[in-house]
2 protein chains.
Amino acid sequence: MKGRTTLKDVAKIAGVSIGTASMAINHNPLVNEETRKKVLEIAAELEYVPNEIARRFQAQRTNTIAVVIPHTASHVFSHPYFNGIFLGITEVLEKYGMTLNISTSPAETDEQSAYQKILQNRAADGVIVASAAATDKNAFRFAQLGYPVVFIGDFLEEGITSVGVDDYAGAFEATEHLIKVHGFSRLAHISGPLEHSSARTRLDGLLEALQAHQLELLPSDLYEGDYSQEAGYVGMKRLIALDDPPRAVFIGNDLMSVGALQALGEAGLSAPKDVAIVSFDDVHLAQLTSPPLTTVRQPIKELGHSAAEILMERLTGDVDTGSWQRTTDGQHHKFETKLVVRRSCGCTGGDS
Amino acid sequence: MKGRTTLKDVAKIAGVSIGTASMAINHNPLVNEETRKKVLEIAAELEYVPNEIARRFQAQRTNTIAVVIPHTASHVFSHPYFNGIFLGITEVLEKYGMTLNISTSPAETDEQSAYQKILQNRAADGVIVASAAATDKNAFRFAQLGYPVVFIGDFLEEGITSVGVDDYAGAFEATEHLIKVHGFSRLAHISGPLEHSSARTRLDGLLEALQAHQLELLPSDLYEGDYSQEAGYVGMKRLIALDDPPRAVFIGNDLMSVGALQALGEAGLSAPKDVAIVSFDDVHLAQLTSPPLTTVRQPIKELGHSAAEILMERLTGDVDTGSWQRTTDGQHHKFETKLVVRRSCGCTGGDS
DNA sequence: TCCCCTTTTTGAAACGTTTCAAATTTCTCA
DNA sequence: TGAGAAATTTGAAACGTTTCAAAAAGGGGA
């Protein structure tokens with residue numbers, strides 16, 4: 001690591017000034033073709049590689065995009081949802097030659113930290129915030145401070161750019177499926193954390209659909225989870241321990257459904273025979289459970305893709321829109337969802 | 001982003017020199033307590049945040065560790081294995097206040113690229129290489145160039161530091177389980193890519209175990225996959241299409257087993273009734289399939305953890321060893337594996 | 001040969017920080 | 001009160017690159 005060959009070395013040996021060497025290497029048309037060739041030759045010979053940090057320093061930009069997720073690394077790397085997000089983002093950044101910086105919080109309670117790490121350092125040219133609570137004040141500081149930032153989720157405030165899915169319609173459709181196709185007149189719900197707008201909106205969609213059929217959600221039929229497998233497990237345990245357990249449950253995401261199925265299994269029950277289940281996300285896991293999950297598909301990868309693309313637009317001026325259906329008011333982009341019918345709801349249909 | 005307050009501003013207003021301001025902010029004991037207080041006050045007032053890039057530039061270090069994985073982002077983010085690796089690494093880096101940079105290749109064939117991105121930029125203080133082929137020349141350049149690097153996998157060359165698991169023993173145990181507990185006298189194998197030492201070594205373990213019981217692997221009973229779900233699917237299709245299909249298969253990782261189960265299902269067959277399956281990894285998925293997979297557990301998170309810890313040792317001098325069983329000759333660290341018996345092999349045991 | 005125009009090269013400044021030898025101030029004690 | 005020591009502050013260099021005004025070199029026509 002010591003004494004790397006620097007531009008100065010190249011220049012000296014090539015017998016030109018540092019400025020010229022720099023321009024030669026950066027294909028600046030100002031330099032004579034002969035000179036460039038010589039410089040490039042020497043550079044190759046000396047195995048010169050530009051010092052990226054110095055470059056960033058002088059250009060005052062980092063070539064890095066940070067994804068801020070106010071959860072622990074353990075949470076983030078065990079939820080398949082984030083894999084999809086990362087994948088979508090990476091695809092875009094690769095195209096632009098940018099680097100991805102995943103910023104998590106050391107402790108689940110420590111919301112501050114993930115933001116501060118970025119904010120304090122100014123170590124990214126732009127930020128994508130994913131899975132923030134609607135109440136998360138820190139998240140909004142980015143935008144207020146004029147940092148280029150895109151939110152993933154339903155953040156509809158003025159002055160904020162966001163990319164989300166139609167949680168409401170998805171939940172509505174899921175609920176109606178259980179009511180209209182399978183004839184249930186009572187539904188339970190295992191929700192995500194209700195200070196997250198995704199969880200809140202899915203609950204709203206459920207309630208609205210129930211109401212459309214003159215039905216209600218019993219307070220004891222609602223369990224607020226946190227999108228983790230564990231929460232689904234506990235939630236389902238609770239529900240089946242009720243005096244009169246519900247026969248159909250809408251679960252806020254697939255991972256919780258996995259936990260719920262586990263709870264059913266341990267109680268000697270099974271879906272859809274004893275309890276019909278519909279959930280949300282359609283991550284890879286959803287096809288693997290038994291029964292495979294009927295679930296509302298959201299275009300997770302596209303969310304990441306889109307967020308990154310919008311951010312890069314802001315940073316560079318380019319434009320590229322994806323292929324999923326989406327609506328936008330210029331600031332808030334919303335993708336559509338669709339119900340994927342498998343077997344956990346009682347349907348006997350296909351498997352993918 | 002323009003005109004951020006800089007150290008110069010703070011110094012000027014505080015009425016001290018830039019040097020003093022710098023020392024005050026970095027809690028250098030040389031500066032007078034009074035002075036420090038004043039500087040810190042002004043800094044807070046001006047909302048001064050140090051320019052991280054400038055710091056890195058002057059210190060000539062990046063505070064970043066790169067994980068180089070010579071596969072596409074899509075491959076990486078869809079394999080649960082890497083989640084575990086990331087998780088383990090992140091835990092350590094968080095402790096040291098380092099940043100993680102995940103470096104993938106734009107195309108599967110483009111082995112070079114992932115390395116070059118790092119190498120060309122010198123954009124990381126150290127590197128962890130995961131899932132490289134044993135034949136991958138690029139990987140070794142890091143080490144040769146004196147870059148601090150740790151390999152995850154069985155790279156036993158002199159002068160290379162690596163962290164791996166005992167693939168051989170794991171495969172041996174899995175094979176013996178099928179032979180001794182379930183009485184099979186013929187086994188098939190769906191392997192990973194054989195230019196990867198993990199796949200090669202698992203095959204060796206299988207062969208050795210077979211030989212110990214005077215058994216052989218028929219050439220037609222070996223399918224070389226690439227650790228993807230798709231490969232498991234195709235491999236199993238092939239095997240059950242044989243005139244005399246095998247009744248027991250050792251599959252190189254869990255993800256391929258998922259594909260294999262899918263193939264069985266489509267053919268109207270099931271495990272373990274028609275084909276017994278034992279696989280490798282014990283990722284989260286393994287518990288979810290039906291039947292749940294009997295599989296060789298490897299401590300994936302600990303691999304990442306350990307690799308990062310060793311790398312940080314090299315960079316800083318600290319020492320911390322984990323809790324899993326591991327052997328080491330100072331350069332090559334090897335974790336033990338253990339067979340987790342579930343139901344895909346024909347056992348009727350527990351579920352976790 | 002001289003002048004002007006074009007092409008190419010040079011040299012220095014700038015980016016924001018840390019470091020450290022030298023300068024300055026403050027303190028201690030005879 | 002003054003000398004020497006200790007504590008504190010200063011100022012400039014250094015990190016490696018890009019940029020750009022100014023200088024130099026080259027070329028063409030009168």
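Letters A, B, ... mirror the listed sequences (proteins, then strands); counts begin at 1.
- Spacing between atom CG of A:Asn28 and atom P of C:dT8 amounts to 11 Å, rounded to whole angstrom units.
- Judged by ring centres under 5.5 Å apart and planes tilted less than 30 degrees, A:Phe57 stacks against the six-membered base ring of C:dC15.
- Pairs of residues two or more places apart, or lying in two chains, never qualify as salt bridge (Lys or Arg N to Asp or Glu O under 4.0 Å) while including a residue from residues 147-157 of chain B.
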### Task
Go through the steps to decide whether A:Val39 and A:Ile42 satisfy the test side-chain contact (heavy atoms from CB on, under 4.5 Å), and finish with yes or no.
CA-CA 5 Å; A:Val39 170; A:Ile42 304 281; 5.9 Å; no
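- In this structure, CG of A:Leu30 is placed 14 Å from C1' of D:dA23, rounded to the nearest angstrom.
- Under the 30°/60° scheme for interplanar angles, the aromatic rings of A:Phe155 and A:Phe151 are found to be tilted.
- Residue A:Asn51 has no polar side-chain atom (N or O) positioned under 4.0 Å from OP1 or OP2 of D:dT17.
- Taking both residues in full, the closest heavy atoms of B:Tyr147 and B:Ala124 are given as OH-O, 2.6 Å, listed atom of the first, atom of the second, then distance.
- Of the candidates C:dG16, D:dT9, D:dT17, the closest approach to any side-chain atom of A:Ala54 belongs to D:dT17.
- For the OP1/OP2 pair of D:dT8 and a distance below 4.0 Å, the side-chain nitrogens and oxygens of B:Thr35 include no atom meeting the criterion.
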Show your reasoning for whether side-chain hydrogen bond (donor to acceptor under 3.5 Å, both in side chains) applies to A:Asn26 and A:Arg36.
CA-CA 10 Å; A:Asn26 290 293; A:Arg36 177 195 318 293; over 6 Å; no
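- Atom NZ in B:Lys8 sits roughly 16 Å away from atom C1' in D:dT10 (whole-Å rounding).
- Between A:Ile53 atom CD1 and C:dT18 atom P there is a gap of 15 Å when expressed in whole angstrom units.
- D:dG16 atom P lies 17 Å from atom CZ of B:Arg56, rounded to whole Å.
- Of the side-chain N and O atoms in B:Arg55, none sit less than 4.0 angstrom from OP1 or OP2 of C:dG16.
- OP1 or OP2 of C:dT18 sits under 4.0 Å from a side-chain N or O of B:Ser22.
- Whole-Å rounding puts the B:Gln60 CD to C:dG16 P distance at 17 Å.
- Across all strands shown, A:Thr6 has heavy atoms under 4.0 Å from sugar-phosphate atoms exclusively, and none from any base.
- For B:Ile25 and C:dG16, the CD1 to P distance is 14 Å, given to the nearest whole Å.
- Toward the 5′ end of DNA chain C lies the nearest nucleotide of A:Glu33, the other residue of the pair B:Asn26 and A:Glu33 mapping further downstream.
- Taking the side chain of B:Leu7 as heavy atoms from C-beta on, and the options C:dT8, C:dT18, D:dT18, the nearest nucleotide is C:dT18.
- The NZ-C1' distance, from B:Lys12 to D:dT10, rounds to 16 Å in whole Å.
- Contact between the side-chain N/O atoms of A:Ser17 and the OP1/OP2 oxygens of C:dT9 is not found at any separation under 4.0 Å.
- For B:Gln58 and A:Met23, each mapped to the nucleotide of DNA chain D holding its nearest heavy atom, the one lying further toward the 5' end belongs to B:Gln58.
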